[in-house]
There are 2 protein chains.
Amino acid sequence: MTVDGRLARGERTRTAVLDAAVSLASANGLDGLSLGHLADSLGVSKSGLFAHWRSKEALQLATIDRAVTQWQERIIAPALRAPRGVRRIRALHEARIDFYAAQVLPGGCFFATTEFEFNARPGAVRDRLAEVFAAWTAFLERLVREAVDLGELPSDVDAALLAYEIDACGIAAAMRSRLLDPETTYRHARLGVLGRLRALCPDLTLLPEGQS
Amino acid sequence: MTVDGRLARGERTRTAVLDAAVSLASANGLDGLSLGHLADSLGVSKSGLFAHWRSKEALQLATIDRAVTQWQERIIAPALRAPRGVRRIRALHEARIDFYAAQVLPGGCFFATTEFEFNARPGAVRDRLAEVFAAWTAFLERLVREAVDLGELPSDVDAALLAYEIDACGIAAAMRSRLLDPETTYRHARLGVLGRLRALCPDLTLLPEGQS
DNA sequence: TAAAGAAGACCGACCGGTCGTATTTATTTC
DNA sequence: GAAATAAATACGACCGGTCGGTCTTCTTTA
(Lines give C-alpha, C1' and ligand atoms only; values in the text may rest on other atoms or scores of the structure.)
Protein backbone atom coordinates (compact mmCIF):
# COMPACT_ATOMS: atom_id res chain seq x y z
CA MET A 1 0.00 0.00 0.00
CA THR A 2 2.72 2.47 0.90
CA VAL A 3 6.47 2.73 0.30
CA ASP A 4 7.10 2.50 4.01
CA GLY A 5 8.75 -0.79 4.91
CA ARG A 6 7.35 -0.99 8.41
CA LEU A 7 3.76 -0.73 7.31
CA ALA A 8 4.32 -3.26 4.56
CA ARG A 9 5.65 -5.70 7.13
CA GLY A 10 2.65 -4.93 9.27
CA GLU A 11 0.40 -5.72 6.34
CA ARG A 12 2.04 -9.07 5.99
CA THR A 13 1.52 -9.72 9.68
CA ARG A 14 -2.11 -8.72 9.38
CA THR A 15 -2.61 -11.10 6.47
CA ALA A 16 -1.02 -13.98 8.37
CA VAL A 17 -3.27 -13.32 11.34
CA LEU A 18 -6.36 -13.14 9.14
CA ASP A 19 -5.47 -16.34 7.30
CA ALA A 20 -5.28 -18.13 10.64
CA ALA A 21 -8.53 -16.48 11.68
CA VAL A 22 -10.28 -17.68 8.50
CA SER A 23 -9.07 -21.21 9.17
CA LEU A 24 -10.13 -21.25 12.82
CA ALA A 25 -13.44 -19.53 12.14
CA SER A 26 -14.33 -22.00 9.41
CA ALA A 27 -14.34 -24.69 12.09
CA ASN A 28 -15.58 -22.85 15.16
CA GLY A 29 -17.37 -19.84 13.72
CA LEU A 30 -16.55 -16.16 13.90
CA ASP A 31 -18.14 -15.88 17.32
CA GLY A 32 -16.60 -19.11 18.55
CA LEU A 33 -13.23 -17.78 17.45
CA SER A 34 -11.19 -17.26 20.61
CA LEU A 35 -8.70 -14.42 20.39
CA GLY A 36 -6.51 -16.21 22.91
CA HIS A 37 -6.37 -19.36 20.79
CA LEU A 38 -5.79 -17.30 17.66
CA ALA A 39 -2.86 -15.51 19.29
CA ASP A 40 -1.43 -18.77 20.66
CA SER A 41 -1.58 -20.45 17.24
CA LEU A 42 0.54 -17.62 15.86
CA GLY A 43 2.95 -17.43 18.81
CA VAL A 44 1.97 -13.84 19.64
CA SER A 45 0.23 -12.29 22.59
CA LYS A 46 -3.49 -11.71 22.66
CA SER A 47 -3.10 -8.05 23.55
CA GLY A 48 -1.01 -7.52 20.45
CA LEU A 49 -4.05 -8.22 18.30
CA PHE A 50 -5.73 -5.12 19.68
CA ALA A 51 -2.93 -2.98 18.23
CA HIS A 52 -4.14 -3.98 14.74
CA TRP A 53 -7.92 -4.19 15.34
CA ARG A 54 -9.75 -2.14 17.93
CA SER A 55 -12.21 -4.88 18.86
CA LYS A 56 -13.12 -8.46 18.13
CA GLU A 57 -15.88 -7.30 15.80
CA ALA A 58 -13.37 -5.29 13.76
CA LEU A 59 -11.21 -8.40 13.45
CA GLN A 60 -14.26 -10.44 12.46
CA LEU A 61 -15.09 -8.00 9.67
CA ALA A 62 -11.48 -8.03 8.48
CA THR A 63 -11.56 -11.83 8.55
CA ILE A 64 -14.61 -11.83 6.28
CA ASP A 65 -12.79 -9.56 3.82
CA ARG A 66 -9.78 -11.85 3.87
CA ALA A 67 -11.99 -14.87 3.19
CA VAL A 68 -13.48 -13.00 0.25
CA THR A 69 -9.99 -12.42 -1.15
CA GLN A 70 -9.14 -16.12 -0.72
CA TRP A 71 -12.38 -17.06 -2.46
CA GLN A 72 -11.60 -14.75 -5.36
CA GLU A 73 -8.08 -16.15 -5.73
CA ARG A 74 -8.97 -19.82 -5.32
CA ILE A 75 -12.36 -20.08 -7.04
CA ILE A 76 -13.26 -17.02 -9.09
CA ALA A 77 -9.87 -16.39 -10.71
CA PRO A 78 -9.50 -19.95 -12.10
CA ALA A 79 -13.07 -19.82 -13.43
CA LEU A 80 -12.42 -16.55 -15.23
CA ARG A 81 -9.66 -18.30 -17.21
CA ALA A 82 -12.32 -20.52 -18.81
CA PRO A 83 -14.18 -19.17 -21.86
CA ARG A 84 -17.37 -17.26 -21.18
CA GLY A 85 -20.62 -19.15 -21.12
CA VAL A 86 -21.57 -22.58 -19.87
CA ARG A 87 -17.97 -23.75 -19.59
CA ARG A 88 -17.17 -20.88 -17.26
CA ILE A 89 -20.15 -21.72 -15.08
CA ARG A 90 -18.99 -25.27 -14.81
CA ALA A 91 -15.38 -24.22 -14.15
CA LEU A 92 -16.57 -22.03 -11.28
CA HIS A 93 -18.52 -24.87 -9.70
CA GLU A 94 -15.67 -27.33 -10.20
CA ALA A 95 -13.19 -24.92 -8.62
CA ARG A 96 -15.50 -24.55 -5.67
CA ILE A 97 -15.81 -28.29 -5.13
CA ASP A 98 -12.07 -28.68 -5.67
CA PHE A 99 -11.51 -26.11 -2.96
CA TYR A 100 -13.74 -28.01 -0.56
CA ALA A 101 -12.13 -31.33 -1.46
CA ALA A 102 -8.63 -29.94 -0.92
CA GLN A 103 -9.56 -29.56 2.77
CA VAL A 104 -7.60 -26.35 3.15
CA LEU A 105 -10.12 -25.18 5.76
CA PRO A 106 -11.02 -27.49 8.64
CA GLY A 107 -14.61 -26.25 8.59
CA GLY A 108 -15.03 -26.93 4.89
CA CYS A 109 -16.44 -23.55 3.96
CA PHE A 110 -15.88 -20.35 5.89
CA PHE A 111 -18.94 -18.63 4.47
CA ALA A 112 -21.36 -21.48 5.02
CA THR A 113 -20.27 -21.82 8.65
CA THR A 114 -20.39 -18.13 9.46
CA GLU A 115 -23.58 -17.38 7.55
CA PHE A 116 -25.50 -20.03 9.44
CA GLU A 117 -23.92 -18.76 12.64
CA PHE A 118 -25.02 -15.16 12.12
CA ASN A 119 -28.16 -15.36 9.99
CA ALA A 120 -30.34 -14.78 13.07
CA ARG A 121 -28.06 -12.28 14.84
CA PRO A 122 -28.47 -8.67 13.74
CA GLY A 123 -25.30 -6.64 13.64
CA ALA A 124 -22.41 -5.48 11.51
CA VAL A 125 -21.08 -9.00 10.94
CA ARG A 126 -24.39 -10.28 9.67
CA ASP A 127 -24.82 -7.25 7.41
CA ARG A 128 -21.39 -7.76 5.90
CA LEU A 129 -22.06 -11.45 5.31
CA ALA A 130 -25.35 -10.56 3.63
CA GLU A 131 -23.51 -8.15 1.33
CA VAL A 132 -20.98 -10.80 0.39
CA PHE A 133 -23.68 -13.37 -0.22
CA ALA A 134 -25.69 -10.95 -2.36
CA ALA A 135 -22.60 -10.15 -4.43
CA TRP A 136 -21.85 -13.85 -4.93
CA THR A 137 -25.42 -14.50 -6.01
CA ALA A 138 -25.32 -11.59 -8.45
CA PHE A 139 -22.02 -12.88 -9.87
CA LEU A 140 -23.47 -16.34 -10.46
CA GLU A 141 -26.54 -14.87 -12.15
CA ARG A 142 -24.35 -12.75 -14.38
CA LEU A 143 -22.44 -15.83 -15.54
CA VAL A 144 -25.73 -17.56 -16.37
CA ARG A 145 -27.01 -14.53 -18.31
CA GLU A 146 -23.75 -14.41 -20.25
CA ALA A 147 -24.32 -18.01 -21.33
CA VAL A 148 -27.85 -17.10 -22.40
CA ASP A 149 -26.62 -14.09 -24.34
CA LEU A 150 -24.04 -16.29 -26.08
CA GLY A 151 -26.84 -18.62 -27.17
CA GLU A 152 -25.42 -21.54 -25.21
CA LEU A 153 -28.48 -21.68 -22.98
CA PRO A 154 -32.12 -21.34 -24.09
CA SER A 155 -33.38 -17.77 -23.94
CA ASP A 156 -36.28 -18.75 -21.68
CA VAL A 157 -33.97 -19.95 -18.90
CA ASP A 158 -34.67 -18.35 -15.52
CA ALA A 159 -31.17 -17.10 -14.76
CA ALA A 160 -31.80 -16.48 -11.07
CA LEU A 161 -33.37 -19.90 -10.62
CA LEU A 162 -30.55 -21.73 -12.41
CA ALA A 163 -28.00 -19.79 -10.35
CA TYR A 164 -29.90 -20.84 -7.23
CA GLU A 165 -29.79 -24.50 -8.21
CA ILE A 166 -26.07 -24.38 -8.94
CA ASP A 167 -25.26 -22.62 -5.70
CA ALA A 168 -27.49 -25.04 -3.79
CA CYS A 169 -25.38 -27.97 -5.01
CA GLY A 170 -22.31 -26.24 -3.61
CA ILE A 171 -23.89 -25.30 -0.30
CA ALA A 172 -25.15 -28.83 0.22
CA ALA A 173 -21.68 -30.16 -0.54
CA ALA A 174 -20.19 -27.95 2.17
CA MET A 175 -22.59 -29.37 4.73
CA ARG A 176 -22.76 -33.03 3.78
CA SER A 177 -19.06 -33.55 3.12
CA ARG A 178 -18.22 -33.17 6.81
CA LEU A 179 -20.95 -35.44 8.13
CA LEU A 180 -21.50 -38.02 5.40
CA ASP A 181 -19.14 -39.61 2.89
CA PRO A 182 -17.10 -36.82 1.25
CA GLU A 183 -16.35 -38.71 -1.97
CA THR A 184 -20.00 -39.42 -2.68
CA THR A 185 -20.97 -35.89 -1.70
CA TYR A 186 -18.50 -34.25 -4.06
CA ARG A 187 -19.47 -36.60 -6.88
CA HIS A 188 -23.12 -35.67 -6.43
CA ALA A 189 -22.30 -31.98 -6.27
CA ARG A 190 -20.34 -32.20 -9.53
CA LEU A 191 -22.83 -34.44 -11.33
CA GLY A 192 -25.79 -32.35 -10.24
CA VAL A 193 -24.53 -29.23 -11.96
CA LEU A 194 -23.06 -31.11 -14.89
CA GLY A 195 -26.35 -32.87 -15.58
CA ARG A 196 -28.28 -29.64 -15.26
CA LEU A 197 -26.03 -27.86 -17.76
CA ARG A 198 -25.99 -30.82 -20.16
CA ALA A 199 -29.77 -30.97 -20.16
CA LEU A 200 -29.99 -27.30 -21.11
CA CYS A 201 -27.06 -27.30 -23.50
CA PRO A 202 -26.63 -30.78 -25.03
CA ASP A 203 -24.54 -29.78 -28.04
CA LEU A 204 -21.66 -28.18 -26.15
CA THR A 205 -18.77 -30.13 -24.67
CA LEU A 206 -18.42 -29.20 -21.04
CA LEU A 207 -15.00 -30.72 -20.47
CA PRO A 208 -12.46 -28.16 -19.24
CA GLU A 209 -9.26 -27.96 -21.18
CA GLY A 210 -6.96 -30.95 -20.75
CA GLN A 211 -9.36 -33.21 -18.89
CA SER A 212 -10.86 -36.45 -20.04
CA MET B 1 -44.24 -43.20 29.21
CA THR B 2 -45.39 -44.44 32.62
CA VAL B 3 -48.66 -44.32 34.54
CA ASP B 4 -47.09 -42.21 37.25
CA GLY B 5 -48.61 -38.73 37.27
CA ARG B 6 -45.51 -36.99 38.57
CA LEU B 7 -43.25 -38.43 35.95
CA ALA B 8 -45.78 -37.67 33.24
CA ARG B 9 -45.83 -34.07 34.42
CA GLY B 10 -42.07 -34.17 34.39
CA GLU B 11 -42.21 -35.39 30.81
CA ARG B 12 -44.32 -32.43 29.86
CA THR B 13 -41.86 -30.12 31.56
CA ARG B 14 -39.01 -31.76 29.69
CA THR B 15 -40.78 -31.32 26.38
CA ALA B 16 -41.44 -27.64 27.09
CA VAL B 17 -37.79 -27.11 27.98
CA LEU B 18 -36.63 -28.91 24.86
CA ASP B 19 -39.01 -26.98 22.61
CA ALA B 20 -37.51 -23.75 23.93
CA ALA B 21 -34.03 -25.21 23.50
CA VAL B 22 -34.75 -26.10 19.86
CA SER B 23 -35.95 -22.57 19.23
CA LEU B 24 -32.99 -20.89 20.92
CA ALA B 25 -30.47 -23.28 19.39
CA SER B 26 -31.82 -22.72 15.89
CA ALA B 27 -30.72 -19.10 16.24
CA ASN B 28 -27.59 -19.33 18.39
CA GLY B 29 -26.50 -22.91 17.91
CA LEU B 30 -26.36 -25.78 20.37
CA ASP B 31 -23.04 -24.60 21.73
CA GLY B 32 -24.12 -20.97 21.80
CA LEU B 33 -27.19 -22.05 23.76
CA SER B 34 -26.86 -20.54 27.24
CA LEU B 35 -28.43 -22.62 29.99
CA GLY B 36 -29.01 -19.43 31.97
CA HIS B 37 -30.94 -17.82 29.13
CA LEU B 38 -32.85 -21.03 28.52
CA ALA B 39 -33.88 -21.21 32.18
CA ASP B 40 -34.80 -17.52 32.25
CA SER B 41 -36.99 -17.82 29.16
CA LEU B 42 -38.96 -20.55 30.96
CA GLY B 43 -39.05 -18.81 34.33
CA VAL B 44 -37.15 -21.60 36.05
CA SER B 45 -33.77 -21.76 37.71
CA LYS B 46 -30.69 -22.87 35.85
CA SER B 47 -29.80 -25.46 38.48
CA GLY B 48 -33.18 -27.06 38.00
CA LEU B 49 -32.17 -28.08 34.49
CA PHE B 50 -29.48 -30.31 35.95
CA ALA B 51 -32.16 -32.32 37.74
CA HIS B 52 -33.41 -33.44 34.31
CA TRP B 53 -30.12 -33.66 32.37
CA ARG B 54 -26.79 -34.40 33.95
CA SER B 55 -24.81 -32.07 31.72
CA LYS B 56 -25.17 -29.57 28.93
CA GLU B 57 -24.15 -32.21 26.41
CA ALA B 58 -26.96 -34.48 27.61
CA LEU B 59 -29.41 -31.63 27.12
CA GLN B 60 -27.96 -30.94 23.68
CA LEU B 61 -28.49 -34.56 22.63
CA ALA B 62 -32.05 -34.49 24.00
CA THR B 63 -32.63 -31.25 22.08
CA ILE B 64 -31.58 -32.94 18.86
CA ASP B 65 -34.03 -35.77 19.50
CA ARG B 66 -36.79 -33.27 20.17
CA ALA B 67 -35.99 -31.45 16.92
CA VAL B 68 -36.21 -34.78 15.11
CA THR B 69 -39.67 -35.35 16.56
CA GLN B 70 -40.76 -31.86 15.49
CA TRP B 71 -39.41 -32.53 12.00
CA GLN B 72 -41.31 -35.79 11.79
CA GLU B 73 -44.54 -34.16 12.91
CA ARG B 74 -44.29 -31.01 10.81
CA ILE B 75 -42.66 -32.26 7.61
CA ILE B 76 -42.59 -36.04 7.30
CA ALA B 77 -46.09 -36.78 8.58
CA PRO B 78 -47.85 -34.41 6.12
CA ALA B 79 -45.81 -35.83 3.26
CA LEU B 80 -46.78 -39.38 4.14
CA ARG B 81 -50.42 -38.39 3.64
CA ALA B 82 -49.66 -37.81 -0.06
CA PRO B 83 -49.73 -40.83 -2.39
CA ARG B 84 -46.46 -42.67 -2.87
CA GLY B 85 -44.22 -41.63 -5.70
CA VAL B 86 -43.36 -38.29 -7.20
CA ARG B 87 -46.24 -36.50 -5.51
CA ARG B 88 -45.01 -37.60 -2.10
CA ILE B 89 -41.51 -36.34 -2.89
CA ARG B 90 -42.92 -32.99 -3.81
CA ALA B 91 -45.20 -32.90 -0.76
CA LEU B 92 -42.18 -33.50 1.46
CA HIS B 93 -40.23 -30.68 -0.10
CA GLU B 94 -43.21 -28.32 0.01
CA ALA B 95 -43.82 -29.13 3.68
CA ARG B 96 -40.18 -28.35 4.39
CA ILE B 97 -40.31 -24.97 2.66
CA ASP B 98 -43.65 -24.25 4.31
CA PHE B 99 -42.03 -24.96 7.67
CA TYR B 100 -39.20 -22.54 6.91
CA ALA B 101 -41.61 -19.90 5.62
CA ALA B 102 -43.79 -20.18 8.72
CA GLN B 103 -40.84 -18.79 10.70
CA VAL B 104 -41.57 -20.98 13.71
CA LEU B 105 -37.85 -21.10 14.47
CA PRO B 106 -35.87 -17.85 14.60
CA GLY B 107 -32.85 -19.57 13.10
CA GLY B 108 -34.81 -20.94 10.16
CA CYS B 109 -33.62 -24.52 10.43
CA PHE B 110 -32.36 -26.17 13.60
CA PHE B 111 -30.46 -28.88 11.77
CA ALA B 112 -28.75 -26.61 9.27
CA THR B 113 -27.54 -24.31 12.02
CA THR B 114 -26.30 -27.05 14.32
CA GLU B 115 -24.78 -29.22 11.62
CA PHE B 116 -22.64 -26.38 10.35
CA GLU B 117 -21.77 -25.55 13.94
CA PHE B 118 -20.54 -29.05 14.77
CA ASN B 119 -19.36 -30.51 11.47
CA ALA B 120 -15.73 -29.85 12.43
CA ARG B 121 -16.02 -30.66 16.15
CA PRO B 122 -15.67 -34.34 17.01
CA GLY B 123 -17.87 -35.53 19.85
CA ALA B 124 -21.19 -37.07 20.77
CA VAL B 125 -23.22 -34.16 19.43
CA ARG B 126 -21.59 -34.30 16.03
CA ASP B 127 -22.02 -38.08 15.88
CA ARG B 128 -25.71 -37.79 16.68
CA LEU B 129 -26.19 -35.08 14.06
CA ALA B 130 -24.43 -37.26 11.51
CA GLU B 131 -26.78 -40.13 12.35
CA VAL B 132 -29.82 -37.92 11.91
CA PHE B 133 -28.50 -36.55 8.64
CA ALA B 134 -27.75 -40.03 7.32
CA ALA B 135 -31.25 -41.20 8.24
CA TRP B 136 -32.80 -38.18 6.50
CA THR B 137 -30.74 -38.82 3.39
CA ALA B 138 -31.73 -42.49 3.38
CA PHE B 139 -35.38 -41.53 3.76
CA LEU B 140 -35.21 -39.16 0.80
CA GLU B 141 -33.52 -41.79 -1.32
CA ARG B 142 -36.17 -44.31 -0.39
CA LEU B 143 -38.92 -41.96 -1.57
CA VAL B 144 -37.12 -41.52 -4.89
CA ARG B 145 -36.69 -45.27 -5.34
CA GLU B 146 -40.38 -45.76 -4.62
CA ALA B 147 -41.21 -43.37 -7.43
CA VAL B 148 -38.88 -45.31 -9.73
CA ASP B 149 -40.45 -48.62 -8.73
CA LEU B 150 -43.90 -47.19 -9.43
CA GLY B 151 -42.74 -46.26 -12.92
CA GLU B 152 -43.24 -42.55 -12.32
CA LEU B 153 -39.55 -41.86 -12.76
CA PRO B 154 -37.27 -43.37 -15.43
CA SER B 155 -35.54 -46.52 -14.29
CA ASP B 156 -32.11 -45.09 -15.05
CA VAL B 157 -32.52 -42.25 -12.54
CA ASP B 158 -29.71 -42.03 -9.99
CA ALA B 159 -31.81 -42.06 -6.83
CA ALA B 160 -29.02 -40.85 -4.54
CA LEU B 161 -28.15 -38.01 -6.91
CA LEU B 162 -31.76 -36.86 -7.30
CA ALA B 163 -32.21 -37.01 -3.53
CA TYR B 164 -29.07 -34.88 -3.19
CA GLU B 165 -30.40 -32.26 -5.60
CA ILE B 166 -33.75 -32.07 -3.82
CA ASP B 167 -32.16 -31.77 -0.40
CA ALA B 168 -29.72 -29.16 -1.72
CA CYS B 169 -32.63 -26.92 -2.74
CA GLY B 170 -33.91 -27.12 0.84
CA ILE B 171 -30.55 -26.54 2.48
CA ALA B 172 -29.89 -23.51 0.30
CA ALA B 173 -33.33 -22.14 1.18
CA ALA B 174 -32.50 -22.38 4.88
CA MET B 175 -29.35 -20.32 4.37
CA ARG B 176 -30.46 -17.74 1.83
CA SER B 177 -33.85 -16.97 3.35
CA ARG B 178 -32.27 -15.28 6.36
CA LEU B 179 -29.75 -13.18 4.45
CA LEU B 180 -31.40 -12.48 1.10
CA ASP B 181 -35.01 -11.97 0.09
CA PRO B 182 -37.09 -14.80 1.65
CA GLU B 183 -39.91 -14.66 -0.92
CA THR B 184 -37.57 -15.10 -3.85
CA THR B 185 -35.61 -17.76 -2.03
CA TYR B 186 -38.64 -19.90 -1.25
CA ARG B 187 -39.93 -19.51 -4.79
CA HIS B 188 -36.63 -20.72 -6.18
CA ALA B 189 -36.53 -23.60 -3.72
CA ARG B 190 -40.02 -24.72 -4.75
CA LEU B 191 -39.51 -24.18 -8.49
CA GLY B 192 -36.16 -25.93 -8.47
CA VAL B 193 -37.58 -29.22 -7.26
CA LEU B 194 -40.81 -28.84 -9.20
CA GLY B 195 -38.93 -28.29 -12.45
CA ARG B 196 -36.64 -31.20 -11.75
CA LEU B 197 -39.56 -33.57 -11.14
CA ARG B 198 -41.52 -32.26 -14.12
CA ALA B 199 -38.56 -32.83 -16.42
CA LEU B 200 -38.27 -36.45 -15.29
CA CYS B 201 -41.99 -37.12 -15.09
CA PRO B 202 -43.86 -34.91 -17.58
CA ASP B 203 -47.08 -36.89 -17.75
CA LEU B 204 -47.96 -36.77 -14.07
CA THR B 205 -49.71 -33.86 -12.41
CA LEU B 206 -47.71 -32.74 -9.42
CA LEU B 207 -50.36 -30.57 -7.85
CA PRO B 208 -51.22 -31.63 -4.32
CA GLU B 209 -54.89 -32.18 -3.61
CA GLY B 210 -56.94 -28.99 -3.52
CA GLN B 211 -54.29 -26.62 -4.82
CA SER B 212 -54.27 -24.74 -8.09
C1' DT C 1 -43.23 -34.60 60.50
C1' DA C 2 -40.52 -36.27 56.88
C1' DA C 3 -39.08 -36.19 52.31
C1' DA C 4 -38.57 -34.31 47.82
C1' DG C 5 -37.86 -30.55 44.64
C1' DA C 6 -36.71 -25.97 43.30
C1' DA C 7 -33.96 -21.89 44.15
C1' DG C 8 -30.08 -19.03 44.36
C1' DA C 9 -25.58 -18.25 46.13
C1' DC C 10 -21.22 -19.82 44.82
C1' DC C 11 -17.07 -21.97 42.28
C1' DG C 12 -13.34 -22.29 38.84
C1' DA C 13 -12.58 -21.49 33.97
C1' DC C 14 -12.67 -18.75 30.03
C1' DC C 15 -14.13 -14.82 27.51
C1' DG C 16 -13.03 -9.86 25.34
C1' DG C 17 -10.52 -5.97 26.59
C1' DT C 18 -7.04 -2.75 29.26
C1' DC C 19 -2.76 -1.19 31.13
C1' DG C 20 1.89 -0.77 33.15
C1' DT C 21 6.30 -2.48 32.09
C1' DA C 22 10.20 -4.29 29.77
C1' DT C 23 12.55 -5.19 25.67
C1' DT C 24 13.96 -3.70 21.40
C1' DT C 25 14.87 -0.60 17.61
C1' DA C 26 16.30 3.59 15.69
C1' DT C 27 18.19 8.02 16.11
C1' DT C 28 21.28 11.32 18.06
C1' DT C 29 25.36 12.95 20.29
C1' DC C 30 30.11 12.81 21.71
C1' DG D 1 32.30 4.64 15.05
C1' DA D 2 30.60 3.88 19.67
C1' DA D 3 27.68 5.03 23.33
C1' DA D 4 23.54 7.02 25.12
C1' DT D 5 18.90 8.29 24.67
C1' DA D 6 14.24 8.31 23.02
C1' DA D 7 10.36 6.17 20.95
C1' DA D 8 7.78 2.41 19.36
C1' DT D 9 6.23 -2.18 20.23
C1' DA D 10 5.11 -6.45 22.26
C1' DC D 11 4.17 -8.79 26.47
C1' DG D 12 1.74 -10.71 30.48
C1' DA D 13 -0.68 -9.62 34.51
C1' DC D 14 -5.12 -8.11 35.41
C1' DC D 15 -10.26 -6.58 35.11
C1' DG D 16 -15.34 -7.28 34.86
C1' DG D 17 -18.52 -10.46 33.05
C1' DT D 18 -20.47 -14.92 31.60
C1' DC D 19 -20.12 -19.63 31.12
C1' DG D 20 -21.23 -24.71 32.84
C1' DG D 21 -21.73 -26.96 37.04
C1' DT D 22 -22.23 -27.77 42.35
C1' DC D 23 -24.15 -27.39 46.83
C1' DT D 24 -26.65 -25.77 50.74
C1' DT D 25 -30.93 -24.02 52.12
C1' DC D 26 -35.73 -23.25 52.00
C1' DT D 27 -40.28 -24.15 50.57
C1' DT D 28 -43.80 -27.30 49.60
C1' DT D 29 -46.33 -31.41 49.58
C1' DA D 30 -47.72 -35.87 51.06
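As a basis for the values below, the full set of heavy atoms in this structure was taken, side chains included, without hydrogen atoms, waters or symmetry mates. What you see is a predicted model, and the numbers here were worked out from it, not measured in a lab.
On a pure distance criterion of 3.5 Å, no polar donor-acceptor pair joins the side chain of B/Ser45 and the base of C/dA6. Side chain B/Lys46 to base D/dG21: a donor-acceptor pair is found below 3.5 Å.
Taking atom CG of A/Leu30 as the reference point, atom P of C/dC15 lies 16 Å away to the nearest angstrom. For B/Leu49 and D/dC19, the CG to P distance is 13 Å, given to the nearest whole Å. Here the C1' atom of nucleotide D/dC11 and the CZ atom of A/Phe50 are 14 Å apart, to the nearest Å. Atom-to-atom, CG of B/Asp31 to C1' of D/dT18 comes out at 14 Å; the value is rounded to the nearest Å. Separating the CG atom of A/Asp40 from the P atom of D/dA10 is a distance of 16 Å, rounded to the nearest angstrom. Between the CG atom of B/Leu38 and the P atom of D/dG21 there is a distance of 13 Å, given to the nearest Å. Going from atom CG of B/Leu35 over to atom P of C/dC11 covers 20 Å, rounded to whole Å. When rounded to the nearest whole Å, the span between NZ of A/Lys56 and C1' of C/dT18 equals 17 Å.
Counting only heavy atoms from C-beta on, A/Ser34 has its side chain closest to C/dC15 among C/dA6, C/dC15, D/dG20. With D/dG21, C/dA7, C/dG17 as the choices, the nucleotide that has an atom nearest any side-chain atom of A/Ser55 turns out to be C/dG17.
Relative orientation of the A/Trp71 and A/Trp136 rings is perpendicular, given thresholds of 30° and 60° on the angle between their planes.
Here B/Leu59 lies out of heavy-atom contact (under 4.0 Å) with every strand.
Taking the side chain as every heavy atom from C-beta outward, B/Val86 and B/Arg198 never approach each other to under 4.5 Å. Side-chain contact between A/Arg178 and B/Arg121: absent, with no pair of heavy atoms (C-beta onward) separated by less than 4.5 Å.
Counting non-hydrogen atoms of neighbouring residues, nucleotides and ligands closer than 6.0 angstrom, the CD atom of A/Glu183 reaches no more than 12 such neighbours.
For D/dC19, one of the phosphate oxygens OP1 or OP2 lies less than 4.0 angstrom from a side-chain nitrogen or oxygen of B/His37. Using a 4.0 Å cut-off, no side-chain N or O of A/Ser47 falls inside it from OP1 or OP2 of D/dC11.
Checked by atom type, the side-chain pair A/Arg96/A/Tyr100 shows a donor-acceptor distance below 3.5 Å.
Comparing B/Gly32 and A/Val44 by the nucleotide of DNA chain D whose heavy atom lies nearest to each, the residue mapping closer to the 5' end is A/Val44.
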